[in-house]
Visitor: 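Pasting in a structure now, in structure tokens, and then I'll have a few things to ask.
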Amino acid sequence: MRHAAAAGTVLRVAVVGLVVAGLALPPPAAALRPLRERVVSAGATASSGSWANEHTFFKRDDNEMSPYSWNITGTYKGSWSFAGATNGSSRFLEFLTSKGDSVLELLSTPTKISGVHYVQGTITFHDVIDNTHDRGVAQIRLEGVYIWPFRQLRMVANSGADGEPLQEEDYFLSNPYHLLRIFSSQVFQDSSEEKNRRKNSLTYDMEKHCNIEIAAKVVRVSSNLNEGEHEKYRLEGLMESPAVDDDGECFSSILLNATSLNVEAYYNKAVNYTLMVTFISFLQVLLLIRQMEHSNTQSGAAKVSILMIGQQAIMDAYLCLLHLTAGILVESLFNAFATAAFFKFVVFSIFEMRYLLAIWKASRPLNSGEGWEIMRRELSVLYSRFYGILLGGILLMYELHNFLRPLLFLMYSFWIPQIVTNVIRDTRKPLHPQYILGMTATRIAIPLYIFGCPNNFMRIEPDKKWCIAVTVFMGIQAAVLLLQHYLGSRCFIPRQILPEKYCYHRKVEDNTNQPIDCVICMTTIDLTQRTSEYMVAPCEHIFHSGCLQRWMDIKMECPTCRRPLPPA
């Protein structure tokens, strides 16, 4: 309701001003001048260029007689530049460049006055420098009128108090482009110090100390075939800001040129992203099932690093929370993001947590003297550590989100615990090669889209160096794991620093001339063959090499006497 009086005042002033200008002045004269009549040579010079053909707006074709088909509600992205030769002097902003990017968000609603629409919105200037010499963003709230017969837009600074954003309009709460831009900037760019600095900067006092006025014309742009029936509009106008007192202009006249964005295309980008995340989650479920089948025995599960699986589970939990939060912020995209969040929830809560529990049980054999109470207590400690790390990581990333890229680099080192475990335990083939390659590719897909795709829906600037670095880093980890799988867990460690290792392939002297049978396959072992054909356990029991290796994949115990076996 606080905008009602201001809106009525703006409407009356704008309509009366336009009617007087259309009757008293020559028809094309001052068509793009601000609402308040002023004579400024710089403004006249600016309007003599691209504003010379304004009388064409008075000519309407017969096929454009439908006034409300030109709905200018939407997001407009374009550029700003100074009108004429100017140094960009300002009492509030120090412009070190002569041009930059700008974003307008407009909400147009019809009024009782025929041919007049009431317009609310914001304009955001990028690539500006505030008076503290820090790169910032200047955002100004606007309101005004759109006169559809003349295709002209007149706006002034919004009269709201204390610089509070517009929150009562459904459009600004449901526009996916607007809200996801805010979400991405809060998560990936802005810090609390930066937001407080911007809130207290002189940029927000411009609306109080300057008569900011925008006069623009609206032009329909022919749509591409790929855009379907979506109508595109272009705003070309002049922004002036004379001071309220006699201190001079707040900043020099600025030319605006912006084109409406196809929000439907932006919506489709977000939906396609969620489909990609859903497909990736489905692939990860298949890879986890394949890996669980590969290590379905107690010995096989004990070879897998619990830290590696736990780190991946925490990553999927974070992705689930992020997608769910994005769906709550953008109501129109809730179903798509909720679906992606659900699949990520299935990955970490069902499959990865189940695998985590299997690894924990395999690495901790149950003694006969232990009861269920002790096991339940230790299991509760495992879950409390997992969720404690999960919540602590959320708080840590919130406080250190300015260092998000290094934190992501650290999170994508989840193969390192498995590499270290393989070296320490000298385990053989703990992970399936398909799991290694598949997880590496699916895990890296989302960060490469966010930080590498130039047209990503999150509006994050591509960072090619970081993308190359994280890709190389993940590739090196996967290559080391594959080398350990095919050549041995310690193949890249110099022999000089390796501890002594028991040799299963040692020569056995057969003085009894008695045939020796393998208790696994129940066939005779030929000791006259090469030592690689049979293996001798520390307890002097002899087996075929293939038989004992398959047995050790199940249990690290001697099949004959049940004594522990060292790694092969």
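All values derive from a computational prediction rather than experimental measurement.
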Visitor: Kindly indicate whether the side chain of Y355, heavy atoms from C-beta on, has any atom under 4.5 Å from the side chain of I359.
Guide: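 The answer is yes; the side chains approach within 4.5 Å.
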Visitor: Heavy-atom distance under 4.5 Å between the side chains of L107 and V119, does that happen here?
Guide: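 No, too far: nothing below the 4.5 Å cut-off.
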Visitor: Which pair of non-hydrogen atoms, one from A313 and one from E352, has the smallest distance, and what is that distance?
Guide: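 Here A313 and E352 meet closest at CA-OE1, 3.1 Å.
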Visitor: Counting distance only, does the side-chain N/O of Q291 pair as donor-acceptor with the main-chain N or O of P430 below 3.5 Å?
Guide: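 Between the backbone of P430 and the side chain of Q291 there is a qualifying donor-acceptor contact (under 3.5 Å).
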Visitor: Could you measure the distance from the CD atom of Q311 to the OH atom of Y412? Nearest 0.5 Å is fine.
Guide: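 So the CD of Q311 and the OH of Y412 are separated by 10.5 Å.
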Visitor: Quick check for you: to the nearest 0.5 Å, what is the distance between L483 atom CG and I419 atom CD1?
Guide: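 Result: 9.5 Å between the selected atoms.
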Visitor: Which value, rounded to the nearest 0.5 Å, describes the distance between M292 atom CE and H432 atom NE2?
Guide: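 Here the rounded value is 15.0 Å.
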Visitor: Which label fits Y449 and Y273: parallel for a plane angle under 30°, tilted from 30 to 60°, or perpendicular past 60°?
Guide: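 Ring orientation, 0 to 90° scale: parallel.
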Visitor: Once rounded to the nearest 0.5 Å, what's the spacing between atom OH of Y76 and atom NZ of K232?
Guide: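 Going from OH on Y76 over to NZ on K232, the span is 11.0 Å.
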Visitor: For the CE atom of M397 and the CG atom of L404, what is their distance to the nearest 0.5 Å?
Guide: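 The distance works out to 7.5 Å.
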Visitor: When rounded to the nearest 0.5 angstrom, what is the spacing between CG in L288 and CG in D316?
Guide: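 The CG atom of L288 sits 8.0 Å away from the CG atom of D316.
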Visitor: Are the side chain of R428 and the backbone of Y486 linked by a donor-acceptor contact shorter than 3.5 Å?
Guide: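 Side chain of R428 to backbone of Y486, a donor-acceptor pair under 3.5 Å: no, none is there.
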Visitor: Mind checking whether Y383 and Y387 have parallel, tilted or perpendicular rings, split at 30° and 60°?
Guide: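 Aromatic pair Y383/Y387 classed parallel.
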Visitor: Determine the minimum heavy-atom distance between H485 and P433, stating which atoms define it.
Guide: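 So the minimum-distance heavy-atom pair works out to NE2-CG, 3.5 Å.
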Visitor: Do T73 and L106 touch side chain to side chain, with heavy atoms closer than 4.5 Å?
Guide: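 They are not in contact (no side-chain heavy atoms under 4.5 Å apart), so the answer is no.
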Visitor: So W80 and D101, do their side chains get closer than 4.5 Å, heavy atoms only?
Guide: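 Counting from C-beta outward, D101 and W80 never come under 4.5 Å.
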Visitor: The test is side-chain contact (heavy atoms from CB on, under 4.5 Å); show your working for Q477 and L481 and say whether it passes.
Guide: CA-CA 6 Å; Q477 295 180 66; L481 283 175; 5.7 Å; no
Visitor: Any side-chain donor paired with an acceptor under 3.5 Å for Q284 and K344?
Guide: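 Yes, because at least one side-chain N or O of Q284 sits under 3.5 Å from a partner of the opposite role on K344.
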Visitor: Could you tell me if the side chain of T122 sits less than 4.5 Å from the side chain of L104, heavy atoms only?
Guide: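 Of all side-chain heavy-atom pairs linking T122 with L104, none is under 4.5 Å.
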Visitor: Is the ring centre of F473 less than 6.0 Å from the ring centre of F409?
Guide: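 F473 vs F409: aromatic centres under 6.0 Å.
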Visitor: Report yes if some heavy atom in the side chain of T339 is under 4.5 Å from a heavy atom in the side chain of T278; otherwise report no.
Guide: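 In contact.
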Visitor: Would you indicate whether the side-chain heavy atoms of I328 and F337 approach each other to under 4.5 Å?
Guide: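 No; the side chains remain at least 4.5 Å from each other.
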Visitor: Are I123 and V103 side-chain neighbours, meaning at least one heavy-atom pair lies under 4.5 Å?
Guide: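 Of all side-chain heavy-atom pairs linking V103 with I123, none is under 4.5 Å.
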